[in-house]
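These notes concern the structure reproduced below.
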Amino acid sequence: MRRSKLLYVPFWATYAFLYLPIIVLVVMSFNAGESAYSYEGFSLKWYAELAGDERVLGGVVNTLIVATGSTVIATVLGTLLAVGLARYTRSKTLDAVALMPAVLPDLVLAIGLLVFYGMIQLTLGLYSVILAHGVFAMAFVAAVVRTRLTGADTSLEEASRDLGAGPVVTFMKITLPQLMPGIVAGALLAFTLSLDEFVIAFFTIGNSEPTLPIVIYSMIRFGVTPKINALAAILLLVSFTAVIAGQRLTKIGESRAQD
C-alpha cells in the first residue's frame, strides 16, 4: 500500500517551523548592514566585533567556568545515581524523584534553589551557579548512563566478584569502561545544557560577573542586532557539535555492546 504524499506535509512543515528561524538567524549574522531584519550583503565584521567586546569575552569565560564545573559535578553524581538506581534499588518512586530536576520547570527549580541558598546563608556567585547547574544536569546524565546500563553485560561483573574482586575494583575495572560512552555522552549533554541555561543562572548568580546568556539578555533589551545574531550562531554551533558528538558516542557504545 502506497503512502500518500500529503502525509509528509505536516512532517516537513514542522521541521520548517523549527529550523527556519535558526537558518535566518545564522544568515543574518553575516549581514553587512546595521539592521537585524534586512540583509545588505555578506560580512564577517560582527564576528570581529565580538572578539573585541570585553563584556562578551568575560561572559564567555564565566560560562566556561560554570559549564566545566557543573559538568564534573553532574557527571560524577549522575553516573553514581544511575548505577545505584539500576543495580541496587528497584523503586519507581526513587526513579521519579531522581529524574525530577529534568522535568521541573526551570523557574520552579531556580526559585527553590534561591530559597535554599538563602536558608543556608550561602553567598551567591559563580560557585552557586555551578552547584545549581550540577543539580539540574545530573538528572540528564543519570538518564543517559542508565540507558547505557540496560545494555551492559552483567556477567562480567559477576565473574569479577567470583574471582575475588571487591565492589570498588569491579566498578572501576569492569563497569566503568562499559559505561564510558554513555558517561561521555552525558557529560557533553550536561556541558551543553549549562552553556545555554539562563533562568537558573539568572536567579542564583547574585551580583557577580554574569554568564554569557545573561549578557545576551542584557543586550537584547535594547534591540536585536547582527552582533547578537553572530553570538547566537556561535552558541548554536557549539551546542550542535556537542549534541552530535554525544549521539555518535552513544551509537558507538551500543554497536560495541552488540558485537
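Because the structure is a prediction, the values reported are computed rather than measured.
Both V24 and L44 are members of a single hydrophobic cluster when ILVMFWY side chains are connected at heavy-atom separations under 4.5 Å. Cluster annotation: I111 is connected to F116 through the hydrophobic network of ILVMFWY side chains, with a link wherever side-chain heavy atoms come within less than 4.5 Å. Note on V97: it does not cluster hydrophobically with L80, by side-chain heavy-atom contacts below 4.5 Å among ILVMFWY residues. Criterion: ILVMFWY side-chain heavy atoms under 4.5 Å apart, direct or through other members. Under it, V108 and I205 are not part of a common hydrophobic cluster. Cluster membership check: F240 shares its hydrophobic cluster with V27, using side-chain heavy-atom separations under 4.5 Å among Ile, Leu, Val, Met, Phe, Trp and Tyr.
Formation of a donor-acceptor pair under 3.5 Å by the R146 side chain with backbone atoms of L81 is not found in this model. Side-chain atoms of T63 never come within 3.5 Å of backbone atoms of L195 as a donor-acceptor pair (strictly under, hydrogens ignored). Of the possible donor and acceptor atoms, one in the side chain of N62 sits under 3.5 Å from a partner among the backbone N and O of P210. Using a distance-only test at 3.5 Å, with no hydrogens or angles considered, a donor-acceptor pair links the side chain of S218 to the main chain of V215.
In this structure, M100 belongs to a hydrophobic cluster whose other members, linked by side-chain heavy atoms under 4.5 Å apart, are L104.
Looking at every heavy atom in both residues, I200 comes nearest to L113 through CG2-CD1, 4.2 Å. In terms of heavy atoms, A98 sits closest to P101 at O-CD, 3.5 Å. Residue A233 comes nearest to S29 through the heavy atom pair CB-OG, 4.1 Å, listed as atom of the first residue, atom of the second, then distance.
Rounding to the nearest 0.5 Å places CG of L107 at 11.0 Å from CZ of F202. Expressed to the nearest 0.5 Å, how far CG of L122 lies from CG of L114 amounts to 10.5 Å. Separating the CG atom in L176 from the OG1 atom in T79 is a distance of 7.5 Å, to the nearest 0.5 Å. Distance CG/L189 to CG/L193: 4.5 Å, rounded to 0.5 Å. One finds the CD1 atom of I23 at 10.0 Å from the CG atom of L236 (value rounded to the nearest 0.5 Å).
Sorted by first and then second residue, the salt bridge (charged side-chain N to carboxylate O under 4.0 Å, His left out) pairs involving residues 112-124 (not counting sequence neighbours) form an empty list. Every pair passing ring-ring contact (aromatic ring centres under 6.0 Å, His included) that includes a residue from residues 47-67 is listed here, sequence neighbours excluded: F30-Y47. For residues 21-42, the pairs satisfying salt bridge (charged side-chain N to carboxylate O under 4.0 Å, His left out) are E34-K45, with sequence neighbours left out.
Contact of the S239 side chain with the D196 side chain is registered, since non-hydrogen atoms from C-beta on lie closer than 4.5 Å. For the pair N31 and S43, the minimum side-chain heavy-atom distance is 4.5 Å or more. Counting heavy atoms from C-beta outward, L50 and W46 have side chains that stay 4.5 Å or more apart. Between V56 and M219 there is a side-chain heavy-atom pair separated by less than 4.5 Å. Contact annotation: the side chain of F198 never approaches that of I216 to less than 4.5 Å [non-hydrogen atoms, C-beta and beyond].
Remark: E209 pairs with no residue by the salt bridge (charged side-chain N to carboxylate O under 4.0 Å, His left out) rule, at least two apart or across chains. For T68, there are no side-chain hydrogen bond (donor to acceptor under 3.5 Å, both in side chains) partners at least two apart in sequence or on another chain. For F17, there are no side-chain contact (heavy atoms from CB on, under 4.5 Å) partners two or more places apart in sequence or in a different chain. By the salt bridge (charged side-chain N to carboxylate O under 4.0 Å, His left out) test, D53 pairs with K227, sequence neighbours left out. Judged as a side-chain contact (heavy atoms from CB on, under 4.5 Å), and not counting sequence neighbours, V103 has no contacts. Qualifying side-chain contact (heavy atoms from CB on, under 4.5 Å) partners for L18, counting only residues two or more places apart in sequence or in other chains: T14. Taking the side-chain contact (heavy atoms from CB on, under 4.5 Å) definition, one finds that T241 meets it with L237, sequence neighbours left out.
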List the steps and the verdict of side chain to side chain contact (heavy atoms under 4.5 Å, CB included) for L212 and L64.
CA-CA 9 Å; L212 187 58; L64 291 177; over 6 Å; no
What donor-acceptor contacts under 3.5 angstrom involve side-chain atoms of residues 124-143, with partners at least two apart or in another chain?
| unit_1 | atom_1 | unit_2 | atom_2 | d |
| --- | --- | --- | --- | --- |
| Y127 | OH | T123 | O | 2.6 |
| S128 | OG | G125 | N | 2.9 |
| S128 | OG | G125 | O | 2.6 |
| S128 | OG | T204 | O | 2.5 |
| H133 | ND1 | S194 | OG | 2.8 |
| H133 | NE2 | E197 | OE1 | 3.1 |

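In the displayed structure, Y19 atom OH is contacted under 6.0 Å by at most 12 heavy atoms of other residues, nucleotides or ligands. Within 6.0 Å of atom CZ in F42, more than 12 heavy atoms from other residues, nucleotides or ligands are found, so the atom counts as buried in its surroundings.
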